[in-house]
*Asks:* 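After the structure tokens below, expect a handful of questions from me.
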Number of protein chains: 2
Amino acid sequence: MDVMSSVVDPGAGAASERIAADLRARILMGEIAPGERIRQEEVAERLGASRIPVREALRMLSAEGLVELETNKGARVPRLDEREVEVLYRMRERIEPLALIESMPHLSESDLQRIEGIQEQIEQGVDVPTFLTLDREFHLATYAGCATDQLLASVTRLWNSTQHYRRAFMMINGPGRQWIVNAEHRLLLDALTRNDAEDAERYLVGHIRRTRMELTKHPEIFTP
Amino acid sequence: MDVMSSVVDPGAGAASERIAADLRARILMGEIAPGERIRQEEVAERLGASRIPVREALRMLSAEGLVELETNKGARVPRLDEREVEVLYRMRERIEPLALIESMPHLSESDLQRIEGIQEQIEQGVDVPTFLTLDREFHLATYAGCATDQLLASVTRLWNSTQHYRRAFMMINGPGRQWIVNAEHRLLLDALTRNDAEDAERYLVGHIRRTRMELTKHPEIFTP
DNA sequence: GGGCTTGTATCTGGATCCAATCTGTGGAAA
DNA sequence: TTTCCACAGATTGGATCCAGATACAAGCCC
């Protein structure tokens, strides 16, 4: 057996946080689809806890945009329509450049190397779920120098809320035109290395904007 | 004896929401200052409930940026430094124009009249707490046509988080230079009436930006 | 006297039980 | 056949009680 599970893993402090982590992963992986309901008792007995920490976890996830709560009606993963996702992307186009600008001055050399390492993994050709994870890691890594947690929280919320529709798009259209993403990532990374905030912002906005237009050209993603 | 506790007031659906509303009002009014701790039991017995709905309420307020929770250490109103507030204002400068653009096409004639009514109240000269409330109402009213709740939630979070420091500034500097705010509001309102999104965005950004620079020129606000 | 330890009070996190609300299914009437 | 209503199971919200963690203060050792 591996030792990992027996070690006093950091984060074992609160059961609600472990439950939140579990549900978060399942929603982001797509195991729980938009519109699907999450029953407290089911989660509680699956993870061997009572419903109290499950409720706390659901509140956390609600703050992260991963579930929506309705009084006396429970929790479900939000189902968004085309218009809402478009607005979320327009929010991304405005917020993420700010996060990048705030982060850039504090990015160390090793941070940049880590970002480049992620991009190299992406370029080796990966399947859709792995790409989604790595792409998220790539961008969030560029914001790692950002000190304000409200800014990071906003960015994370936007990524969370749009994750399912990015996956739906890639599952339908396949990983085609992947070279565009790689080019955009490389240009962004180069701008970061040159410490050129203007260019970095330009490439980032273009990247997000192009993705938005790609998604909104495929309304079939939003009608399941 | 007061009747309040016995009446079946509308909105009594969930105790946690009433508790959240109570705490929200107290924090926004400044009765609970940044850095101050909120003990669950104290709130529970003051409002005649158990600690469970209080915990739910604190989670809600955490999502709204009004309190911060630390595992096993409880809840407290976040204390922000000058740099964090500056970033929050830069977020406002980017997010609120988007909210305005999304809202404008759906603003009715009566919406605009309501906004103008709020501005007329402001111009009649009010004390600081009333101004803070009316100013908040004014701007949120201009975003009322916005359909995306995530966008409205983001805007609300930013207003919540900066509320205390806006008040601190006005309490120290008095309501001086109030004519500038009125001019900005009038120009914004006129642009809305003309349905001129570009001008509206311009005046809004200028309004927020000027406020940011005013606040960051008074570091004494952040050192209590 | 200063720093560390220890013990106790206080507070938060979680489990169990009860009340209130919702949901969905079946039947009765138009 | 369709629609409305009522009832029962399922599900969430809240109260009470217990366990674990934190914080503070008194006491001890150096």
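Proteins get letters first, then strands, A, B, ... in listed order; numbering begins at 1 in each.
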*Asks:* Quick one: is the NZ or CZ of B:Arg92 closer than 6.0 Å to the six-membered ring centre of B:Tyr89, and within 45° of its axis?
*Replies:*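 Because its charged atom sits under 6.0 Å from the ring centre and within 45° of the axis, B:Arg92 does stack over B:Tyr89.
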
*Asks:* What's the closest nucleotide to the B:Asn72 side chain, out of C:dG14, D:dT22, C:dT21?
*Replies:*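 That would be D:dT22.
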
*Asks:* Using the side-chain heavy atoms of B:Ala49, tell me which of these nucleotides is nearest: D:dT11, D:dG14, D:dA15.
*Replies:*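 Ranking D:dT11, D:dG14, D:dA15 by closest atom to the B:Ala49 side chain puts D:dA15 first.
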
*Asks:* Does the side chain of B:Val126 come within less than 4.5 Å of B:Thr133's, by heavy atoms?
*Replies:* no

*Asks:* Return each pair, listed once, that meets salt bridge (charged side-chain N to carboxylate O under 4.0 Å, His left out) where at least one residue sits in residues 53-69 of chain A; pairs must be two or more places apart or across chains.
*Replies:*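 Qualifying pairs, neighbours excluded: A:Arg24-A:Glu64, A:Arg55-B:Glu56, A:Glu56-B:Arg55, A:Glu56-B:Arg59, A:Arg59-B:Glu56.
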
*Asks:* Can you tell me how far P of D:dT11 sits from CD of A:Glu36, to the nearest Å?
*Replies:*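 From A:Glu36 CD to D:dT11 P: 14 Å.
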
*Asks:* Taking only side-chain N and O atoms of B:Gln40, does any of them lie within less than 4.0 angstrom of OP1 or OP2 on C:dG13?
*Replies:*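 The answer is yes; a side-chain N or O of B:Gln40 sits under 4.0 Å from OP1 or OP2.
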
*Asks:* Give, ordered by number, those residues of residues 51-70 of chain A having at least one heavy-atom distance below 4.0 Å to an atom of DNA chain C; if nothing qualifies, reply none.
*Replies:* A:Ile52, A:Pro53

*Asks:* Distance only, no hydrogens: is a donor on one side chain within 3.5 Å (strictly under) of an acceptor on the other, for A:His185 and A:Asp135?
*Replies:* yes

*Asks:* Closest-nucleotide mapping onto DNA chain C: is A:Lys73 or B:Glu41 further toward the 5' terminus? I mean the 5' end.
*Replies:*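 The residue whose closest nucleotide sits nearer the 5' end is B:Glu41.
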
*Asks:* I'd like to know if A:Arg83 pairs up with B:Glu102 as an ion pair, taking the criterion as any Lys NZ or Arg NE/NH1/NH2 lying under 4.0 Å from an Asp or Glu carboxylate oxygen.
*Replies:*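 Looking at A:Arg83 and B:Glu102, the cut-off is met.
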
*Asks:* Is there a side-chain contact between B:Thr71 and the phosphate of D:dA21, meaning an N or O under 4.0 Å from OP1 or OP2?
*Replies:* no

*Asks:* Measuring from the side chain of B:Arg39 (C-beta onward, heavy atoms only), which nucleotide among D:dG14, D:dT12, C:dT12 has the closest atom?
*Replies:*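 Closest nucleotide to the B:Arg39 side chain: C:dT12.
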
*Asks:* Knowing that exactly one of A:Arg212, A:Arg210, A:Arg209 qualifies, which makes a salt bridge (charged side-chain N to carboxylate O under 4.0 Å, His left out) with A:Glu93?
*Replies:*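 The passing option is A:Arg212.
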
